[in-house]
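Structure, as structure tokens:
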Amino acid sequence: MKIAVLPGDGIGPEVIGAAVDVLNHVTPDLETMYGDVGLECFSRRGEYLPEDTIDLIKHSDAVLFGAITTPLKAEGYRSPILRIRKEFDLYANLRPVRNPAPGIGLVDMDIVIVRENTEGMYTGDETVDAEGVDLRRRVSRAASERICRFARDLSETHKRKRITCVHKANVLRKSDGLFRDVFYEVMEGSIIESRDMIVDAAAAALVSNPQEMDVIVTLNLYGDILSDEAAALAGGLGIAPSANLGDRHALFEPVHGSAPDIAGMGIANPTAAFLTTAMMLEHIGRIEEAVRIRDAVTASLSAGHRTRDLGGGLGTIDFTKQVLSRL
Ligand code: ATP
């Protein structure tokens with residue numbers, strides 16, 4: 001099997017480098033092939049997402065992606081990750097959020113956020129005129145149905161209890177209203193309990209009643225915001241993994257970005273990248289190795305080995321050594 005590794009910018013290469021060490025340790029039989037993407041790639045090659053990287057993705061079984069820095073002068077810029085999601089029809093963004101070890105995070109949480117990845121606010125279809133900017137925001141029945149089915153099937157497979165459909169249909173009556181209606185249609189006959197919630201109430205419930213949340217299915221923008229909020233509550237951006245899934249391709253990336261403020265300092269927390277790697281292994285059927293990685297991360301954190309964002313003093317390399325020593 002072939003894994004395409006796209007480290008990208010900022011702390012991307014640091015945390016993905018550590019993740020590849022872990023990957024090579026547990027699955028030495030997997031072939032890893034590196035590809036260029038992002039701002040640093042642009043400065044060398046004049047492109048953010050070169051054709052050979054697209055080709056690499058096409059011919060891989062899964063992609064391990066780091067992060068990319070958005071250029072300051074964003075005129076004409078099209079985000080490579082948004083392009084990859086679109087080009088490979090990675091319609092489901094899966095963001096599980098749980099505390100990586102007991103005692104880490106502000107609240108105890110074990111939720112899965114399923115975010116629609118192809119339309120909503122992220123189509124980037126903005127038109128500028130003299131007075132301001134128009135944004136066209138698409139919510140289609142087909143995409144809503146596909147993501148709600150995905151959330152339902154995932155909940156049934158993983159024996160989850162409840163799905164909350166998060167929307168803003170009290171204001172966006174037609175578009176978000178369609179999403180909510182389709183959700184209930186899809187859930188008809190399922191053993192999973194279904195309910196819906198306005199996005200602002202959901203943001204509050206994540207803080208005040210996180211145990212009542214289980215699986216969330218939602219539109220693009222809300223999923224993006226709620227998953228950062230949930231990650232912050234469960235231990236910070238340094239611990240949150242994610243997957244972008246389609247019917248034929250899959251890309252795995254930490255929820256955090258390129259964190260230019262700490263890039264190159266050797267202090268980035270690689271936990272999110274490790275848990276992302278575990279998600280990827282699970283996806284390609286290497287369940288046992290995925291569990292080993294998760295267990296080694298939890299054991300290292302529980303033994304008090306932590307990076308600075310979690311109140312410890314270890315750098316990326318030293319924390320990685322702790323995890324490797326437990327594998
Ligand atoms: P980008 O523009 O690439 O999204 P950003 O800095 O706006 O970058 P993030 O990269 O998500 O957004 O980072 C937000 C904050 O969280 C930063 O201040 C960063 O220091 C911190 N952070 C993110 N990831 C990690 C990590 N893996 N380890 C430690 N701190 C992190």
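Bear in mind the structure is a predicted one, so any value in this text is a computation, not a measurement. Atoms within a ligand are numbered from 1 in the order they appear, just like the ligands themselves.
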ask   = Knowing that exactly one of Leu56, Asp36, Leu49 qualifies, which makes a side chain to side chain contact (heavy atoms under 4.5 Å, CB included) with Leu6?
value = Leu56
message = Show me which atoms of ligand 1 lie under 4.0 Å from any heavy atom of Ala268.
response = 28 (N)
query = When you check the side-chain N and O atoms of Ser175 and Arg137, is any donor under 3.5 Å from an acceptor?
reply = yes
request  = Please confirm whether Gly10 comes under 4.0 Å of ligand 1, counting heavy atoms of the residue only.
outcome  = no
key: Heavy-atom side-chain contact between Lys168 and Tyr222 under 4.5 Å   = yes
ask   = Among Asp309, Ile11, Ile267, which residue places a heavy atom closest to atom 25 (C) of ligand 1?
value = Ile11
inquiry  = Tell me whether Thr70 reaches ligand 1 (any heavy atom closer than 4.0 angstrom to a ligand atom).
reply    = no
query = Under 30°, 30 to 60°, or over 60°: which ring-plane class applies to His249 and Phe88, parallel, tilted or perpendicular?
reply = perpendicular
request  = Ignoring hydrogens and angles, state whether a donor on the side chain of Arg160 or Ser155 is under 3.5 Å from an acceptor on the partner side chain.
outcome  = no
inquiry  = I'd like to know if the side chain of Ser140 pairs up with that of Glu119 as donor and acceptor (distance under 3.5 Å, no hydrogens or angles considered).
reply    = yes
key: Mutual orientation of the aromatic rings belonging to Tyr91 and Phe150 [parallel < 30°, tilted 30-60°, perpendicular > 60°]   = perpendicular
request  = Return yes if a side-chain donor-acceptor contact under 3.5 Å exists between Glu253 and Asn244, otherwise no.
outcome  = yes
ask   = For atom 20 (O) of ligand 1, which protein heavy atom lies nearest, and how many Å away is it?
value = Asp261 OD2, 2.9 Å
inquiry  = Taking only non-hydrogen atoms of Ala272, do any sit less than 4.0 angstrom from ligand 1?
reply    = no
key: Atom indices of ligand 1, in the order listed, that fall short of 4.0 Å to a heavy atom of Ile68   = 3 (O)
key: Is_contact(atom 6 (O) of ligand 1), protein non-hydrogen, under 4.0 Å   = yes
query = Touching ligand 1 at all, Val15? Heavy atoms, strictly under 4.0 Å?
reply = no
ask   = N/O of Ser258 under 3.5 Å from N/O of ligand 1, yes or no?
value = yes
query = Do any heavy atoms of Thr307 fall under 4.0 Å from ligand 1?
reply = no
query = Is the shortest distance from atom 3 (O) of ligand 1 to a protein heavy atom below 4.0 Å?
reply = yes
